[in-house]
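Working notes, structure below.
Residue numbers count from 1 along this sequence. These values consider heavy atoms only, across backbone and side chains, with no hydrogens, waters or symmetry-generated copies.
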Amino acid sequence: SNSLLDNDGTAAGVPFAISGGGTVQTNAYLGQGRTEVQDFSQEFRIVYDAGGRWSGSAGLYYFDSDRSDESFGGVDSSVLGVGQSFAGLGAIFATPDPVGQPVDSNDNDESIRDTSAFGQVGFQVTERIDLSLEGRYTAEKKEIERFLLFGGPPPPSIPRQQEDTFRFFTYRAIANFQATDDQLYY
């Protein structure tokens, strides 16, 4: 579903420059159209705990997310007189029916792919003290593609695409001391 916002919040509108000089009062609208999001994640984990002093786990994680959305806007051109036209942004978004037939302004497509491998090893030193060491390696790829439309085919410099892959290793070491049944220090 589409939704529009009267950007200036008034019935009278705001002044927009017109070609040849001067201004005209009119309303400007911004809107958010279709948004689609698809997410998928999966985790596989193996756990070892035989009831002794050693325990551990290892696993793999996968996350895939795709998002697509569009925006639009309009400047009410029905207020223009014969031979008048907007200058600047008013010209880009000019439409005689900004609510019923807004001008497409941009489409965005984003994706994230995340894969991880992780593990944990624990050792129970005494009944009240245990130690653990954990690590996780992650590779995350992000892609963003933006099409700036403004009611027509994009100029040659558009679409704008960006992508990057981030790789990192995180770890932690933990010592737990169970002082009483109700108190845990770590």
*Using the side chain to side chain contact (heavy atoms under 4.5 Å, CB included) rule, take Phe86 and Val24 through it: C-alpha gap first, then chi angles, then the decisive distance, then the call.*
CA-CA 9 Å; Phe86 287 117; Val24 65; 3.6 Å; yes
*State yes or no: do Leu131 and Tyr185 share one hydrophobic cluster built from I, L, V, M, F, W and Y residues joined by side-chain heavy-atom distances below 4.5 Å, directly or via other members?*
yes
*Roughly how far apart are Ser68 OG and Asp109 CG, rounded to 0.5 Å?*
4.0 Å
*Among pairs that include at least one residue of residues 113-127, which meet salt bridge (Lys or Arg N to Asp or Glu O under 4.0 Å), considering only residues two or more places apart or in two chains?*
Asp64-Arg113, Asp66-Arg113
*Could you grab the distance from atom OH of Tyr48 to atom OG of Ser57, nearest 0.5 Å is fine?*
13.0 Å
*Decide whether Val125 and Val121 are clustered together by the hydrophobic rule: side chain heavy atoms of Ile, Leu, Val, Met, Phe, Trp, Tyr closer than 4.5 Å, transitively.*
yes
*If you link I, L, V, M, F, W and Y whenever their side-chain heavy atoms are under 4.5 Å apart, who else ends up in the same group as Leu184?*
none
*Shortest non-hydrogen separation from Tyr61 to Ser41 and the atoms involved*: OH-CB, 4.0 Å
*Using a cut-off of 6.0 Å, state whether more than 12 heavy atoms not belonging to Phe169 lie near its atom CZ.*
yes
_I need the full list of salt bridge (Lys or Arg N to Asp or Glu O under 4.0 Å) pairs touching residues 40-52, with sequence neighbours left out, sorted by first then second residue._
Glu43-Arg45
_Non-neighbouring partners of Thr170 that pass side chain to side chain contact (heavy atoms under 4.5 Å, CB included), sequence neighbours left out_ = Arg136, Phe168
*Carefully, step by step, assess Phe166 and Lys142 under the rule side chain to side chain contact (heavy atoms under 4.5 Å, CB included).*
CA-CA 8 Å; Phe166 306 92; Lys142 292 186 176 187; 4.2 Å; yes
*asked:* Rounded at 0.5 Å granularity, tell me how far CD in Glu143 sits from CD in Gln161.
replied: 8.5 Å
_Minimal non-hydrogen separation, Gln124 against Gly52, with atom names_ = OE1-O, 4.3 Å
*Spacing of CD belonging to Glu110 relative to OG belonging to Ser65, to within rounding of 0.5 Å*: 8.5 Å
*Can Ser132 and Gln120 be said to form a side chain to side chain contact (heavy atoms under 4.5 Å, CB included), step by step?*
CA-CA 7 Å; Ser132 73; Gln120 178 267 337; 3.6 Å; yes
*asked:* Could you check whether atom OH of Tyr171 has more than 12 heavy atoms from other residues, nucleotides or ligands sitting under 6.0 Å from it?
replied: no
Show me the donor-acceptor pairs within less than 3.5 Å that the side chains of residues 175-182 make with the rest of the protein, sequence neighbours left out.
residue : atom : partner : partner atom : Å
Asn176  : ND2  : Asp130  : OD1          : 3.0
Gln178  : NE2  : Thr180  : O            : 2.7
Gln178  : NE2  : Gln183  : O            : 3.3
Thr180  : OG1  : Asp182  : N            : 3.2
Thr180  : OG1  : Gln183  : N            : 3.1

_Closest non-hydrogen atom pair between Phe123 and Trp54, with its separation_ = CD1-CE2, 3.3 Å
*How long is the gap from CG on Asn108 to CD on Glu70, to the nearest 0.5 Å?*
10.0 Å
*Are any of the side-chain heavy atoms of Val75 and Thr26 separated by less than 4.5 Å?*
yes
Distance-only donor-acceptor pairs under 3.5 Å for side chains of residues 76-83, two or more places apart:
residue : atom : partner : partner atom : Å
Asp76   : OD1  : Ser78   : N            : 3.0
Asp76   : OD1  : Ser78   : OG           : 2.6
Asp76   : OD2  : Ser78   : OG           : 3.4
Ser77   : OG   : Thr95   : O            : 3.2

*asked:* Just so I know, are the side chains of Thr165 and Glu140 near enough to count as touching, which here means a heavy-atom distance under 4.5 Å?
replied: no
*Between Thr35 and Arg67, is any pair of side-chain heavy atoms under 4.5 Å apart?*
yes
